[in-house]
Chemist: 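The following block contains the structure, expressed as structure tokens.
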Amino acid sequence: MVEKKCLIAVDFDGTISTRDVGYSFFHHFSGGKNDELLPFWKSGEMSTRECLIREAALVKTSKEQAFKFLEDFKLDKAFPEFVKTCREQDISLTIISDGLDFYIEFLLNKFDLTGIKAISNKAIFENGGISIMFPYDNRRCQSCGSCKEERIEDLKKQHQGEADVVFIGDGYSDVCAVKAADVLFAKKDLKKYCDDNSIEYLDYDDFDDVKSKLVDLGYMKGLS
Ligand SMILES: [Mg+2]
Ligand SMILES: [Zn+2]
């Protein structure tokens with residue numbers, strides 16, 4: 001029996017994809033030079049917008065080379081089934097990423113996952129490289145490209161606050177989402193951040209795990 005209504009917001013890099021696609025892309029096409037910027041980003045000295053713009057300036061690639069590189073990436077094996085369950089049970093699912101649109105779209109298409117709403121920053125291929133655009137404005141946050149806390153607030157508004165927001169993430173780009181989520185699933189760096197800051201979360205390995213915990217919590221129907 002489903003007792004409670006939820007809407008689901010989920011990170012992409014390292015959460016839906018098994019590896020961090022954005023990091024790997026910048027690492028590969030900057031010849032590893034992006035690594036010099038990351039300590040400043042992780043410490044909060046450099047905003048995500050500044051970091052992405054500076055990483056993009058290091059990138060040399062054609063669109064064809066970039067998409068060929070993406071062929072090797074994989075998604076969490078349980079994610080397609082999780083999407084199917086959400087659709088069958090009329091649970092809204094939105095990808096909220098502070099990464100880039102082109103690889104999210106490419107990988108979802110590659111694994112036949114169409115029609116999922118994805119909110120992210122945008123990349124344009126031009127002049128043998130990429131430039132970054134930020135279609136989502138932040139009202140308050142100065143740290144993020146597209147702030148996940150503010151995007152979750154937008155989602156809540158669209159649903160008139162009638163459902164609890166479940167957020168699933170894995171890293172530093174999810175730190176703002178923590179403040180707005182009613183139920184938080186965390187692994188890897190995000191789990192460490194929650195432990196360090198005494199924030200409550202649910203641990204998970206993959207989307208099968210998320211699903212069974214949402215069933216236990218009364219947000220999803222299990223197999224009857
Ligand atoms: Mg991530
Ligand atoms: Zn933020």
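In listed order, ligands and their atoms are each counted from 1. Starting from 1, each residue takes its place in the sequence as its number.
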Chemist: Answer with yes or no whether the side chains of D101 and S120 bring together a donor and an acceptor at under 3.5 Å.
Modeler: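 Side-chain D/A pair, S120 to D101: absent.
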Chemist: In terms of the angle between their ring planes, are Y204 and F185 parallel, tilted or perpendicular, with boundaries placed at 30° and 60°?
Modeler: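 It falls in the perpendicular class, over 60°.
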Chemist: Do R49 and F134 form a cation-pi contact, if we require the NZ or CZ to be under 6.0 Å from the six-membered ring centre and within 45 degrees of the ring's axis?
Modeler: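 Yes, R49 sits over the ring of F134.
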Chemist: Flag the pair D174 and K188 as a salt bridge only when some basic side-chain nitrogen lies within less than 4.0 angstrom of an acidic carboxylate oxygen.
Modeler: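 Here D174 does not pair with K188 in a salt bridge, since their nearest N and O are not under 4.0 Å apart.
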Chemist: Taking the Zn ion (ligand 2) as the vertex, what is the angle from SG of C147 to SG of C176, given to 10 degrees?
Modeler: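 Rounded to 10°, it measures 110°.
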Chemist: Specify whether F69 and F29 have parallel, tilted or perpendicular ring planes, treating 30° as the upper limit for parallel and 60° as the lower limit for perpendicular.
Modeler: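 Because their plane-to-plane angle is over 60°, the rings of F69 and F29 count as perpendicular.
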Chemist: With the Zn ion (ligand 2) at the centre, find the angle made by SG from C144 and SG from C141, to 10°.
Modeler: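 Nearest ten degrees: 100°.
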Chemist: For the residue pair F82 and F207, categorise the inter-ring angle as parallel (less than 30°), tilted (30 to 60°) or perpendicular (more than 60°).
Modeler: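 The rings of F82 and F207 sit tilted, inter-plane angle from 30° to 60°.
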Chemist: Could you pull out the N/O/S protein atoms under 2.8 Å of the Mg ion (ligand 1), ignoring any water?
Modeler: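 Correct list: D11 OD2, D13 O, D170 OD1.
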Chemist: Would you say the side chains of E55 and S30 form a donor-acceptor pair under 3.5 Å?
Modeler: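 E55 vs S30: no donor-acceptor pair found between side chains.
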